[in-house]
There are 2 protein chains.
Amino acid sequence: MRGQALKGHLDLLLLAILADGARHGYAIIDELRKRSDEAFDLPEGTVYPALHRLQKGGFLSSEWTEVQGRRRRTYRLTEQGRGALGEQRVAWNDFTEAMSRVLKGAAWPDTP
Amino acid sequence: MRGQALKGHLDLLLLAILADGARHGYAIIDELRKRSDEAFDLPEGTVYPALHRLQKGGFLSSEWTEVQGRRRRTYRLTEQGRGALGEQRVAWNDFTEAMSRVLKGAAWPDTP
DNA sequence: ACTCTATACTATGTTTGGCTATGTGTCAAT
DNA sequence: ATTGACACATAGCCAAACATAGTATAGAGT
């Protein structure tokens, strides 16, 4: 997946993953990779700071858990986070619709 | 339209507009606003530097014209630019498909 | 005359946010 | 012992959209 495409859309992805249930960071990365069919293979340096940011903004809560000697910080959506997910879904739809309106106006090289 | 959503997708928009024919900067902004149904109302400080960047990259060529005392720099797609448009269209489709795969997995608040 | 708006381009600086790179530590398998 | 998967953290980089301001012409309104 090309570089900075998901700029501004990462939060939506993370919120969407967490809407299906609480997960810890590493599992979120995994799930993102699986669901997107390998398209989104995000580095930890991208995801962890984003999770911190979302928690700081009140969209996520988190708690430490210990599983077989490994500490995990498990995140879950707050009420506010669920609201933000809805808003961002709408924003994403608006965005893609606007994009297609612009793109459909343009001629394809090989379309009559 | 929320702020930095089109980060990384602006080039595609500009190339798409210019695929329908040469235009000058201001007209591109207009066309973008119209086609997107007011969703993309981009400031000049966003579009002009992007056009310069695209020209520098060899995707656009430009020439000065004088229309009723107003100078205009008219841009047109180069062959390379047309190629880039194709690639970026594919990348955009891949991106949106990956997004929907992730998003469709998540539960809507009010869907059974 | 004067002002305002629309047209049209340029330059400078700021900021956002994803990414690189690096570091910590555990556990299982080789 | 060492590698690799698991799991988290953070300092710093950098592209790119945006804010802001400046220049200049034309036409409409007052």
Side-chain angles (χ1 to χ4, degrees), chain A residues 1-15 22-34 36 39-57 59-60 62-75 88 91 95 98-99, chain B residues 1-15 17 22-34 36 39-57 59-60 62-75 84 88 91 95 98-99:
Chain A
M1 172 77 38
R2 52 180 292 270
Q4 50 288 40
L6 52 78
K7 206 107 180 178
H9 307 292
L10 176 60
D11 292 3
L12 171 56
L13 290 174
L14 298 177
L15 294 173
R23 273 192 180 79
H24 63 283
Y26 205 86
I28 293 173
I29 293 176
D30 259 15
E31 182 71 11
L32 220 34
R33 186 170 41 230
K34 279 173 198 154
S36 72
F40 298 139
D41 190 7
L42 305 186
E44 295 154 285
T46 293
V47 173
Y48 289 121
L51 290 172
H52 299 336
R53 182 161 34 84
L54 286 170
Q55 177 167 17
K56 203 172 167 184
F59 305 107
L60 305 179
S62 75
E63 49 188 19
W64 283 107
T65 52
E66 181 97 8
V67 177
Q68 288 177 326
R70 286 196 188 97
R71 52 172 197 158
R72 296 171 168 176
R73 188 184 280 282
T74 300
Y75 293 91
Q88 296 216 24
F95 177 60
M99 284 290 291
Chain B
M1 171 77 37
R2 50 181 293 272
Q4 51 288 35
L6 50 78
K7 205 104 179 180
H9 307 292
L10 176 60
D11 292 4
L12 171 56
L13 290 174
L14 298 177
L15 294 173
I17 295 285
R23 274 193 180 80
H24 63 284
Y26 205 85
I28 293 173
I29 294 176
D30 258 16
E31 182 71 11
L32 219 33
R33 187 170 39 229
K34 280 173 197 154
S36 71
F40 298 139
D41 190 7
L42 305 186
E44 293 155 287
T46 293
V47 173
Y48 287 118
L51 290 171
H52 300 336
R53 182 162 34 86
L54 286 170
Q55 178 167 17
K56 203 171 169 184
F59 305 108
L60 303 181
S62 75
E63 48 188 19
W64 282 107
T65 52
E66 180 99 8
V67 177
Q68 288 177 325
R70 286 197 187 97
R71 54 173 196 156
R72 295 171 169 176
R73 188 183 279 283
T74 300
Y75 294 90
Q88 296 217 23
F95 176 60
M99 284 291 291

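Numbers restart at 1 for each chain; the letters A, B, ... are given by sequence-line order, proteins then strands.
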Closest non-hydrogen contact found for B:Gln88 with B:Leu15 is NE2-CD1, 4.2 Å

Value for CG (B:Leu60) from OH (B:Tyr75), rounded to nearest 0.5 Å, stands at 7.5 Å

Shortest non-hydrogen pair, B:Phe95 vs A:His9, comes out as CZ-CD2, 4.0 Å

Regarding the side chain of B:Tyr26, the nearest nucleotide among C:dC9, D:dA9, D:dA17 is C:dC9

Residues in residues 46-54 of chain B with a heavy atom under 4.0 Å of DNA chain D, by number, are B:Thr46, B:Arg53

Whole-Å distance, A:Ile29 CD1 to C:dG18 P, equals 13 Å

note: B:Leu6, atom CG; C:dG17, atom C1'; distance rounded to Å ~ 15 Å

B:Phe40 CZ to D:dC18 P, in whole Å, measures 10 Å

Residues passing the side-chain hydrogen bond (donor to acceptor under 3.5 Å, both in side chains) test with B:Ser36, sequence neighbours excluded, are none

B:Leu13 atom CG is separated from D:dC18 atom P, nearest whole Å, by 11 Å

B:Glu66 atom CD is separated from C:dA8 atom P, nearest whole Å, by 12 Å

Applying salt bridge (Lys or Arg N to Asp or Glu O under 4.0 Å) to B:Glu44 and not counting sequence neighbours gives none

Here the distance between atom P of D:dA17 and atom CG of B:Leu12, to the nearest Å, is 12 Å

- Would you mind classifying the nucleic acid contact of A:Gly25 as base, sugar-phosphate or nothing, using non-hydrogen atoms under 4.0 angstrom? sugar-phosphate

**Prompt:** Does the side chain of B:Arg53 reach to within under 4.5 Å of the side chain of B:Phe59, using non-hydrogen atoms?
**Reply:** no

note: A:Arg33, atom CZ; D:dA7, atom P; distance rounded to Å ~ 12 Å

In this structure, CG of A:Leu54 is separated from CG of A:Asp11 (nearest 0.5 Å) by 4.5 Å

From NZ of B:Lys7 across to C1' of C:dT14 the rounded distance in Å is 11 Å

Donor-acceptor contacts under 3.5 Å from residues 23-33 of chain A side chains, at least two apart:
unit_1	atom_1	unit_2	atom_2	d
A:Asp30	OD1	A:Arg33	NH2	2.3
A:Glu31	OE2	A:Arg35	NE	3.0
A:Arg33	NH1	A:Asp41	OD1	2.8

Looking at C:dC9, I'd like to know if its phosphate oxygens (OP1 or OP2) sit under 4.0 Å from a side-chain N or O belonging to B:Arg73. no

Per-nucleotide protein contact along nucleotides 22-28 of chain D, 5' to 3', at a 4.0 Å heavy-atom cut-off (B base, S sugar-phosphate only, - neither), is ---BB--

Query raised in the report: When you look at B:Leu10 and B:Leu42, which way does the side chain to side chain contact (heavy atoms under 4.5 Å, CB included) test go after all the steps?
Result: CA-CA 10 Å; B:Leu10 176 60; B:Leu42 305 186; 3.5 Å; yes

